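In what follows, a single structure is set out as structure tokens and then discussed.
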Amino acid sequence: MEYNLNNYPNDYPDNANHPMGKPPKKESGTFTGGFVTGILLSLLVACFVYTGVRFYQISKLRAEKETEQPGQTVDSLVNDMTMSKLQVIEETIAKYYYEEDVNAEMLADGMYEGVIASLGDPYSTYYTEEDLEALMQQTEGVYYGIGAYVGMDVQTGLAHISGVIEDTPAQAAGLRDGDVIYMVDNEPMQGLELSEVVANIKGLEGTQVHLTIYREGEKDYLEFDVERKKIESPTVKHEMYENKIGYIQITEFDDVTVDQFSEALAVLRGQGMKGLILDLRANPGGNLSAVVEIARQMLPKGLIVYTEDRDGKRTEYSCDGTKQFDQPLVVLVNGYSASASEILAGAIKDYGIGQLIGTTTFGKGIVQRVISLSDGTALKLTVSSYFTPNGNNIHGIGIEPDEVYEFDGDRYYDDGYDNQLEHAKEVMAGKIAGQ
């Protein structure tokens with residue numbers, strides 16, 4: 001049962017992330033595409049969504065003892081009246097629905113998705129077998145697609161490019177983080193789940209996918225043809241700059257990230273590093289276990305993070321301090337830095353061992369748990385809130401950097417000049433000189 005800290009609400013690959021990105025817009029917005037279909041499914045789901053899936057999978061959910069709470073049982077939502085209503089609805093669809101062939105599997109998946117959607121939590125999700133397989137690929141760090149992350153803005157419900165990997169088809173085509181995905185192969189994406197958008201983008205290696213993109217500042221939609229390839233996604237990048245300033249970028253926290261980070265840190269130390277810039281910009285999160293292990297390579301003795309569930313049960317994750325980072329440290333963050341990256345940034349700030357530079361982080365202070373069901377599907381449910389070592393719950397608030405320094409997107413995309421990184425180098429050079 002993996003604890004998951006991804007963002008938007010679940011940042012699916014197609015592939016790794018990019019250090020730059022503007023914070024998601026907070027205003028709400030909707031699209032009317034698929035309205036008729038949505039009404040039909042809503043009527044169906046509203047009648048039996050809470051009962052049908054529970055009845056159908058009652059024995060399977062009972063096997064997941066850790067998901068049940070005292071005083072609650074999974075069959076408490078099922079009674080003779082609701083089951084009778086389910087039968088009536090099924091017969092009514094069979095008699096009156098205008099298409100003769102109704103896909104029973106899709107209707108069932110729609111019910112299960114509706115159960116979770118009715119919680120009103122954008123971070124809780126029902127996974128089909130295909131969705132779960134994609135999630136497992138994501139945590140392994142190997143993907144098949146175009147070389148970009150696709151996220152969902154929880155406020156607008158729009159899928160967008162949240163990051164682009166270097167030397168991939170997505171970068172070669174000119175896609176940017178923040179690009180809103182309007183159509184895939186001329187099919188509108190409004191109203192679809194994130195997993196459905198990703199499924200449309202993915203395909204056989206060597207084939208092409210056509211993306212219609214809305215980009216802020218452009219007068220019209222942009223059209224891209226992008227080749228699909230197998231992408232092996234590094235989650236950690238490192239470099240040594242002048243003045244022995246080390247640089248490590250973490251794009252997300254996957255199973256492979258801990259070893260990649262350890263190796264990068266060891267290489268930079270071997271090259272005589274005198275200070276480190278840790279880049280967490282546009283890092284949407286990942287596995288709780290991964291960020292905790294990385295934090296144990298940097299923090300002093302004490303709490304890294306703690307979680308509390310709805311009953312107030314507290315779980316603590318601590319560090320013994322034997323590997324505390326003892327050199328000048330600068331951490332770059334922005335509005336796309338979320339979840340697991342906020343855990344690391346928040347702990348560094350609370351302990352005062354590094355200086356945060358950039359813009360306020362996304363503000364996702366809740367934890368999801370992936371619970372596998374016996375038929376190969378799974379649920380991802382929000383199970384607890386997390387708190388920084390000083391007891392701060394940053395959900396919906398974010399972490400304020402020690403120095404606010406806005407990203408100059410025009411200069412970056414026009415000239416390749418990363419003004420935030422260059423400023424961090426200047427700050428770090430001053431710290432090294434002052435030692």
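Since this is a predicted model, take the numbers as computed values, not measurements.
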In this structure, which one of Val333, Ile250, Leu332, Ile294 forms a side chain to side chain contact (heavy atoms under 4.5 Å, CB included) with Leu278?
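Output: one option passes, namely Ile250.
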Report yes if the side chains of [X] and [Y] come closer than 4.5 Å at any heavy-atom pair, otherwise no.
| X | Y | answer |
| --- | --- | --- |
| Ile146 | Thr168 | no |
| Tyr123 | Lys364 | yes |
| Tyr127 | Glu133 | no |
| Asn334 | Phe407 | no |
| Ser124 | Leu381 | yes |
| Phe325 | Ile348 | no |
| Lys349 | Asp402 | yes |
| Val370 | Leu132 | yes |

Thr359 vs Glu406, side chain to side chain contact (heavy atoms under 4.5 Å, CB included): CA-CA, chis, key distance, verdict
CA-CA 6 Å; Thr359 54; Glu406 298 285 345; 3.5 Å; yes
Would you indicate whether [X], at its atom [atom1], is surrounded by more than 12 heavy atoms from other residues, nucleotides or ligands within a distance under 6.0 Å?
| X | atom1 | answer |
| --- | --- | --- |
| Glu99 | CD | yes |
| Glu263 | CD | no |
| Glu91 | CD | yes |

Looking only at non-hydrogen atoms, find the nearest pair between [X] and [Y] and report the distance.
| X | Y | answer |
| --- | --- | --- |
| Tyr247 | Leu276 | N-CD1, 4.0 Å |
| Pro389 | Tyr351 | CG-CE1, 3.8 Å |
| Glu105 | Asn103 | N-OD1, 3.0 Å |
| Ala424 | Ile357 | CA-CD1, 4.5 Å |
| Gly286 | Ala340 | N-CB, 3.9 Å |
| Ala170 | Gly147 | CB-O, 3.6 Å |

For the side chain of [X] and the backbone of [Y], is there at least one donor-acceptor N/O pair under 3.5 Å apart?
| X | Y | answer |
| --- | --- | --- |
| Asp254 | Val256 | no |
| Thr125 | Lys380 | no |
| Arg296 | Ser318 | yes |
| Ser337 | Ser341 | no |
| Asn200 | Val209 | no |
| Thr361 | Ile399 | yes |
| Arg215 | Leu175 | no |
| Gln420 | Tyr405 | yes |
| Ser384 | Asp309 | no |
| Gln260 | Thr235 | yes |

Is a donor from one side chain sitting under 3.5 angstrom from an acceptor on the other, for [X] and [Y]?
| X | Y | result |
| --- | --- | --- |
| Asp225 | His210 | yes |
| Asp109 | Thr128 | no |
| Ser289 | Asn287 | no |
| Thr360 | Glu400 | yes |
| Thr388 | Asp350 | yes |
| Glu129 | Thr377 | no |

Side chain to side chain contact (heavy atoms under 4.5 Å, CB included) between Tyr386 and Ile394: does it pass, once the steps are laid out?
CA-CA 8 Å; Tyr386 77 74; Ile394 52 83; 3.4 Å; yes
One pair to check against side chain to side chain contact (heavy atoms under 4.5 Å, CB included): Asp177 and Ser162. What are the steps and the verdict?
CA-CA 5 Å; Asp177 56 295; Ser162 60; 5.7 Å; no
How far apart are the C-alpha atoms of Phe261 and Ile248, what are their side-chain angles, what is the distance that settles it, and do they pass the side chain to side chain contact (heavy atoms under 4.5 Å, CB included) test?
CA-CA 8 Å; Phe261 177 81; Ile248 294 179; 3.9 Å; yes
Just how far is it from atom [atom1] of [X] to atom [atom2] of [Y], taken to the nearest 0.5 Å?
| X | Y | atom1 | atom2 | answer |
| --- | --- | --- | --- | --- |
| Asp418 | Arg411 | CG | CZ | 10.5 Å |
| Phe387 | Thr307 | CZ | OG1 | 9.0 Å |
| Met189 | Ile201 | CE | CD1 | 8.0 Å |
| Thr207 | Lys229 | OG1 | NZ | 12.0 Å |
| Thr212 | Asp185 | OG1 | CG | 9.0 Å |
| Glu316 | Glu308 | CD | CD | 9.5 Å |

Salt bridge between Arg281 and Asp279, side-chain N to carboxylate O under 4.0 Å?
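Result for this pair is yes, salt bridge flagged.
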